[in-house]
Amino acid sequence: MKIQTIAPSSEIEPLKQALASSDVILDAIFGFSFKPPIRAPFDTALPLLTESKLPIVSVDIPSGWDVEKGNAEGLGLQPDVLLSLTAPKEGSRSFQGRHFLGGRFVPKTLEEKFELNLPPYPGSEQIVELSSSSQKL
């Protein structure tokens with residue numbers, strides 16, 4: 001497996017070339033503090049990722065989504081898989097693909113204080129599936 005990292009740039013050709021030789025996109029572009037609107041060069045890059053038709057795995061919240069409002073502007077990625085960290089973000093409520101939660105490190109006192117309602121992790125697992133989809137990666 002070949003892993004390619006593409007740095008933000010206004011140059012689109014390197015991204016197109018990377019997508020042409022890729023099997024999957026690992027989306028960890030913005031992080032959970034992102035607030036729309038999507039600005040350059042990402043306003044050009046995100047549609048290219050979507051148009052590639054490659055499976056997308058997003059980390060924590062799909063890129064282009066507001067952490068609280070989700071994909072309200074309709075311009076964010078629509079990943080096949082979402083791996084939420086610590087707790088699912090409010091904005092991920094409308095996510096339709098396979099959804100996993102990773103990070104079994106929230107103390108019970110914090111979970112209760114913030115009413116996180118986290119699922120149980122079986123045995124010593126560090127990840128739990130929250131929802132599945134008929135789509136397969």
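- L19 and L54 get closest at one heavy-atom pair: O-CD1, 3.6 Å.
- Using cut-offs of 30° and 60° for the angle between ring planes, the F95 and H99 rings count as perpendicular.
- Residues L49 and I56 share a closest heavy-atom pair of O-CD1, 4.3 Å.
- By the 6.0 Å contact criterion, CD on E68 is open, its count of non-hydrogen atoms from other residues, nucleotides or ligands being 12 or less.
- Looking only at side-chain heavy atoms (C-beta outward), L83 and I127 come within less than 4.5 Å of each other.
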Item to complete: For side-chain contact (heavy atoms from CB on, under 4.5 Å), just list the numbers for V57 and I25, CA-CA rounded to whole Å, side-chain angles, deciding distance to a tenth of an Å, and then say yes or no.
Response: CA-CA 6 Å; V57 177; I25 296 167; over 6 Å; no
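- Nearest heavy atom pair, residue G76 against residue I38, reads N-CD1, 4.4 Å.
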Practice prompt. Go through the steps for S33 and V67 under the test side-chain contact (heavy atoms from CB on, under 4.5 Å), then give the verdict.
Written response: CA-CA 7 Å; S33 62; V67 72; over 6 Å; no
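- Here the side chains of T50 and Q78 are not in contact, with every heavy-atom distance at 4.5 Å or above.
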Item to complete: Applying side-chain contact (heavy atoms from CB on, under 4.5 Å), run through K89 and D60 and close with a yes or a no.
Response: CA-CA 8 Å; K89 308 309 176 270; D60 214 22; 2.7 Å; yes
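- At distances below 3.5 Å, at least one donor-acceptor pair connects side-chain atoms of E111 with backbone N or O atoms of L118.
- Nearest approach of L130 to P88, heavy atoms of both residues: CD1-CG, 3.6 Å.
- Across S63 and S58, no two heavy atoms sit closer than the pair N-OG, 4.5 Å.
- Between the CZ atom of F42 and the CZ atom of F34 there is a distance of 9.5 Å, given to the nearest 0.5 Å.
- Residue R93 places its CZ atom among 12 or fewer non-hydrogen atoms of other residues, nucleotides or ligands, all under 6.0 Å distant.
- A donor-acceptor pair under 3.5 Å is formed between the side chain of Q96 and the backbone N or O of S94.
- In summary, of the residues considered (D27, N71, I61, L82), a side chain to side chain contact (heavy atoms under 4.5 Å, CB included) with L77 occurs for D27 alone.
- Salt-bridge check for K35 with D66: passed, with a basic side-chain N closer than 4.0 Å to an acidic carboxylate O.
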Practice prompt. Test salt bridge (Lys or Arg N to Asp or Glu O under 4.0 Å) on R104 and E125 and set out the steps.
Written response: CA-CA 8 Å; R104 182 186 185 155; E125 294 293 322; over 6 Å; no
Item to complete: Could you check V128 against F100 for side-chain contact (heavy atoms from CB on, under 4.5 Å), going step by step and ending with a plain yes or no?
Response: CA-CA 6 Å; V128 65; F100 295 87; over 6 Å; no
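- Cluster annotation: Y121 is connected to F114 through the hydrophobic network of ILVMFWY side chains, with a link wherever side-chain heavy atoms come within less than 4.5 Å.
- Atom CG of L15 is separated from atom OG1 of T44 by 10.0 Å, given to the nearest 0.5 angstrom.
- Annotation for L101 and P119: closest pair CD2-CD, 3.7 Å, computed over non-hydrogen atoms.
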